[in-house]
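For reference, the structure discussed in these notes is given below.
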Amino acid sequence: MATTRIGLDQLPAAARAAVEQRTGPLLTVTESAHGFNSEVAARVTSATGTWHVKGLRTDHPRAWTQRREAALAPFLTGLAPALRWRVETAGWDLLGFEALDGCHADYSPGSPDLPAVAALLRRLGTTPRPDIELRRAEQRLEQYATTPDDLHFFAGDRLLHTDLNNTNVLVNDRAPQADRARIVDWAWATRGAAWLDAGYWIIWLIAFGHTSPSAEHWASEIPAWRVAPAEGITAFASANHTLWNEISAADPNPWTRRLAKAASVWREHRRSG
């Protein structure tokens, strides 16, 4: 479920003052319309720079997502925006990230962004998992798996993002081809099998108009996917079908229904062989 968004000017005066101690007096504040996890999300500029600020109240039920992002940030060089500062005051936890140039990734068939996203996932696949407590993929999918025996397919020791929403991927056309994409919002970072992020990407690709074979073709650009067990992929597709049906039933709107439909299409493709 989405978190209610507030403007930066609605923060307690002490919290805003603490932000400006890091940035200098703010000249512009552009609130973000994207994302579901933060109460505050804005691009801010001052005479000294530009940052993306995101935050939650320290007593918010998802406050742990802020702590996780802050803990992970030092290990995500080349994958995600750098964390420049953190403010914890007046009941708020606020993170100031490097403001990235670029646009949200276009996942449509034929999009020039697809190779850049595949390159990003390849880089992620070679990134060592930091020694940070992360929920395990088999735990997250436990209630959605068709049988308990399926869960071992999802277990592993790799760092996963797991939320391949295209608005979480920024592509800079002016950067070198192999380094054009960055991924934001690591709230749902997970420990699991190396091929799972490619599987999560497949569902989003289908939601953007790809056929299941086309989406799996792009997933095969990631080495871990090419050696993933076929039975495990099918189990993962089935688990995500159940997961997205639950999400769309609890929060019915165009995008959740679109993802539920995509997960259903992929599951049927895997079941049909």
Problem - Single-linkage hydrophobic cluster, 4.5 Å side-chain cutoff, Leu72 and Leu100 together - result: no

Problem - Modelled atom types, side-chain donor and acceptor of Asp163 and Asn168, under 3.5 Å - result: yes

Handout entry: Salt bridge present between Arg226 and Glu221 (N-O < 4.0 angstrom)
Key = no

Exercise for the section: Indicate, with yes or no, if Leu26 and Leu95 share a hydrophobic cluster defined by side-chain heavy-atom contacts under 4.5 Å among Ile, Leu, Val, Met, Phe, Trp and Tyr. Expected result: no

Handout entry: Donor-acceptor contact present, side-chain Arg22 to main-chain Ala18, <3.5 Å
Key = yes

Handout entry: Heavy atoms of other groups near Glu231 CD, more than 12 under 6.0 Å
Key = no

Handout entry: Check: Leu8 main-chain N/O paired with Glu31 side-chain donor or acceptor under 3.5 Å
Key = yes

Practice task
Taking the six-membered ring for Trp and the single ring otherwise, decide whether the centroids of Trp195 and Trp201 are under 6.0 Å apart.
Solution key: no

Handout entry: Over-ring placement of Arg258 relative to Phe208, 6.0 Å and 45° cut-offs
Key = yes

Handout entry: Closest approach of Arg182 to Asp179 (non-hydrogen atoms, all atoms of both residues)
Key = NH1-OD1, 2.9 Å

Problem - Neighbour count >12 (heavy atoms, 6.0 Å) for atom CG, Asp131 - result: no

Exercise for the section: Tell me whether Val184 is reachable from Val40 by hopping between hydrophobic residues (I, L, V, M, F, W, Y) whose side-chain heavy atoms are closer than 4.5 Å. Expected result: no

Problem - Student check: side-chain heavy atoms of Thr242 and Glu246 closer than 4.5 Å - result: no

Exercise for the section: Could you check if a side-chain atom of Arg180 sits within less than 4.5 angstrom of a side-chain atom of Asp173, using non-hydrogen atoms only? Expected result: yes

Practice task
Establish whether Phe97 and Val87 are linked, either directly or via other cluster members, by ILVMFWY side-chain heavy-atom contacts under 4.5 Å.
Solution key: no

Handout entry: Arg158 side chain to Gly125 backbone, donor-acceptor under 3.5 Å
Key = yes

Practice task
Using modelled atom types only, decide if a donor and an acceptor are shared between the side chain of Ser272 and the backbone of Glu268 within a distance under 3.5 Å.
Solution key: yes

Handout entry: N/O donor-acceptor pair under 3.5 Å between Asp251 side chain and Ala249 backbone
Key = no

Handout entry: Passing candidate, side-chain contact (heavy atoms from CB on, under 4.5 Å) with Ile222, options Leu121, Val117, Asp197
Key = Leu121

Handout entry: Phe75 vs Ile132 side-chain heavy atoms within contact, under 4.5 Å
Key = yes

Problem - Minimum heavy-atom distance Leu134-Ala189, with the two atoms named - result: CD2-O, 3.9 Å

Practice task
Measure the shortest side-chain to side-chain distance between Thr50 and Arg43 over non-hydrogen atoms and say whether it is less than 4.5 angstrom.
Solution key: yes

Practice task
Assess the pair His161 and Trp186: is the distance between their ring centroids shorter than 6.0 Å?
Solution key: yes

Exercise for the section: Answer yes when Asp93 and Arg86 have at least one side-chain N-carboxylate O distance shorter than 4.0 Å, and no when they do not. Expected result: yes

Exercise for the section: Measure the shortest side-chain to side-chain distance between Tyr107 and Val169 over non-hydrogen atoms and say whether it is less than 4.5 angstrom. Expected result: yes

Handout entry: Distance-minimising heavy-atom pair for Ala105 and Val171
Key = CB-CG2, 3.9 Å

Practice task
Kindly say whether Ala137 contributes a backbone atom to a donor-acceptor pair with the side chain of Thr190 at under 3.5 angstrom?
Solution key: no

Handout entry: Glu39/Arg62 salt bridge by N-O under 4.0 Å criterion
Key = no

Handout entry: Ser111 backbone acceptor or donor facing Ser108 side chain under 3.5 Å
Key = no

Practice task
Would you confirm whether His152, through its side chain, and Asp149, through its main-chain N or O, come within 3.5 Å as a donor-acceptor pair?
Solution key: yes

Completion exercise
Residues Leu159 and Pro130: closest non-hydrogen pair is CD2-CD, 4.1 Å

Problem - Side-chain heavy atoms of Cys103 within contact of Leu170, under 4.5 Å - result: no

Handout entry: Nearest non-hydrogen partners of Trp188 and Arg140, listed with the distance
Key = O-NH1, 3.0 Å

Problem - Minimum side-chain heavy-atom gap Val29-Asp9 below 4.5 Å - result: no

Practice task
Measure across Arg270 and Ala230 and return the closest heavy-atom pair with its distance rounded to 0.1 Å.
Solution key: NH2-O, 3.2 Å

Handout entry: Note, Pro74 side chain near Leu83 side chain (heavy atom, < 4.5 Å)
Key = no

Practice task
Measure from the side-chain N and O atoms of Gln139 to the backbone N and O of Arg136, and report whether any donor-acceptor pair falls under 3.5 Å.
Solution key: yes

Exercise for the section: Can you label the angle between the Trp255 ring and the Trp204 ring as parallel, tilted or perpendicular, going by 30° and 60°? Expected result: parallel

